[in-house]
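Everything numeric here is computed off the predicted structure, so don't read it as measured data. Atoms within a ligand are numbered from 1 in the order they appear, just like the ligands themselves. When reading the values below, keep in mind they use all heavy atoms of this one structure, side chains included, and skip hydrogens, waters and symmetry mates. Counting begins at 1 with the first residue of the sequence.
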Amino acid sequence: MLQPIAGSGGICNTRVVYGNDFGVPDSLLDQVDEAERALAEAARSDLGAEPDGTDEVAKQAYFDAVIAADQKIEPRDWMPEGYRKTLIRQIAQHAHSEIIGMQPEGNWITRAPSLKRKAILLAKVQDEAGHGLYLYAAAETLGVSREELVDLLLQGRQKYSSIFNYPTLTWADIGAIGWLVDGAAIVNQVPLCRSSYGPYARAMIRICKEESFHQRQGYEILYTLSHGTPAQREMAQDAVNRWWYPSLAMFGPPDSESTHSEQSMAWRIKRFSNDELRQRFVDMCVGQAEVLGLTLPDPNLRWNEERQAYDFTPPDFGELMRVISGDGPCNRQRMAHRRRAHSEGAWVREAAAAYAAKRARRATEGRATGESGPDRASDALAGAA
Ligand code: BYC
């Protein structure tokens with residue numbers, strides 16, 4: 001689907017929309033490639049072995065040296081408890097966001113305007129599920145299980161991104177989510193590819209590569225609508241009006257009120273502050289909105305020559321805090337749906353566990369008798385019945 005768009009470079013100069021596939025230098029995708037190269041290099045360089053024994057001071061010094069040298073901390077390495085907890089909090093919150101984030105878009109799978117649009121949206125929503133799984137797997141390397149994390153979400157003791165508590169009212173919202181929400185997510189996530197924790201950085205590289213299509217598909221939906229009938233154009237503008245400020249809020253509270261930024265940046269989990277990334281996102285969107293022929297709903301948006309950046313109206317951070325604390329337009333609905341899906345999916349988890357147990361038992365028996373047998377998926381269902 002993207003080929004004809006790429007071929008018509010004149011009308012689709014997306015001005016560094018992420019995942020640009022026609023040669024704009026220094027795109028966000030290039031930054032992901034660079035992060036991947038840096039990761040491979042880090043794996044080759046040698047800071048010497050971590051000190052043995054129980055000397056916490058020596059271990060802390062080694063940890064600090066690894067961070068200072070921009071190397072990666074791996075699951076086997078010693079790490080301060082605060083570092084581990086911060087990573088679990090952030091990675092789990094991110095994983096939950098991917099899973100809850102399937103709901104607003106899933107709402108439109110049956111109503112996508114064509115078979116092609118439906119197939120694309122279905123693939124995108126499936127990608128989000130996969131991203132959730134990579135992230136839960138990364139969190140598990142820190143000594144916590146996926147079940148524990150899911151329970152914490154269901155008990156309301158862990159968060160997910162504020163953005164998924166807003167409703168998707170029209171088809172254009174799917175375009176706005178792709179362009180703005182995935183766009184904001186990517187601006188936030190590309191630096192996480194350089195996060196100091198190896199499994200998180202590796203998961204983010206894979207996620208960002210897959211996200212490259214997500215923003216493009218949203219942008220293309222909006223481009224089609226904004227160049228369609230007056231009613232379609234109006235629908236696209238209305239969606240952008242509603243999603244702009246919630247997307248700006250995704251980057252979190254302002255730096256002055258961000259509780260974790262300073263420490264997370266010192267540990268190189270986060271590489272940029274919330275406000276820096278928010279600014280980067282605004283600067284990226286202005287040119288893209290012009291190409292779309294849509295207006296960003298901010299009368300104060302203007303280029304500041306001195307700062308070499310756009311001035312803009314910040315989102316309502318009071319609203320962000322209300323949404324985070326459970327009082328957004330769709331919080332209750334999202335959590336109720338997740339709880340229902342979790343309980344209706346119990347049989348799948350039980351079947352998978354029964355299958356894993358059977359495989360483990362057979363492997364043990366096989367080792368004892370020197371035999372090995374084929375694994376069949378049907379065994380899982382038979383085992384669960
Ligand atoms: N929503 O000290 P701060 C996606 C919380 S999924 C909710 O600045 P930090 C997609 C924060 O947790 C995109 N809570 O925190 C999926 C903290 O509370 P706690 C998800 C928020 O961690 C499907 C408190 O406010 N992306 O792309 O340094 C379909 C103070 O904040 C929010 C990620 O998760 C928020 N917006 O920075 C389509 C990226 N903002 O935990 C798309 C990874 C702040 O102390 N996460 N809070 O109770 C991050 O980069 C960082 O965690 C954040 C916040 C920038 C979000």
Just by distance, do the side chain of [X] and the backbone of [Y] share a donor-acceptor pair under 3.5 Å?
| X | Y | result |
| --- | --- | --- |
| Gln237 | Glu234 | no |
| Arg117 | Ala112 | no |
| Arg339 | Gln155 | no |

Exercise. So which residues, sorted by chain and number, lie with a heavy atom under 4.0 Å of ligand 1?
Worked result: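 The answer is Arg89, Gln90, Gln93, His94, Ser97, Glu98, Gly101, Glu105, Glu128, Lys159, Tyr160, Ser161, Ser162, Phe164, Asp182, Ala185, Asn188, Gln189, Leu192, Tyr200, Ala249, Met250, Phe251, Gly252, Pro253, Ser258, Thr259, His260, Ser261, Lys270, Asn274, Ile324, counting any residue whose heavy atom sits under 4.0 Å from ligand 1.
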
For this session: Would you check if the distance from the ring center of His131 to the ring center of Tyr136 is below 6.0 Å?
Result: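 When the ring centroids of His131 and Tyr136 are compared, they turn out to be at least 6.0 Å apart.
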
Exercise. Ser161 and Ser97: which non-hydrogen atoms are nearest, and at how many Å?
Worked result: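 Closest approach of Ser161 to Ser97, heavy atoms only: N-OG, 2.9 Å.
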
Exercise. Excluding sequence neighbours, so at least two apart, what forms ring pair (Phe, Tyr, Trp, His ring centres under 6.0 Å) with Trp78?
Worked result: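 Here no residue qualifies.
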
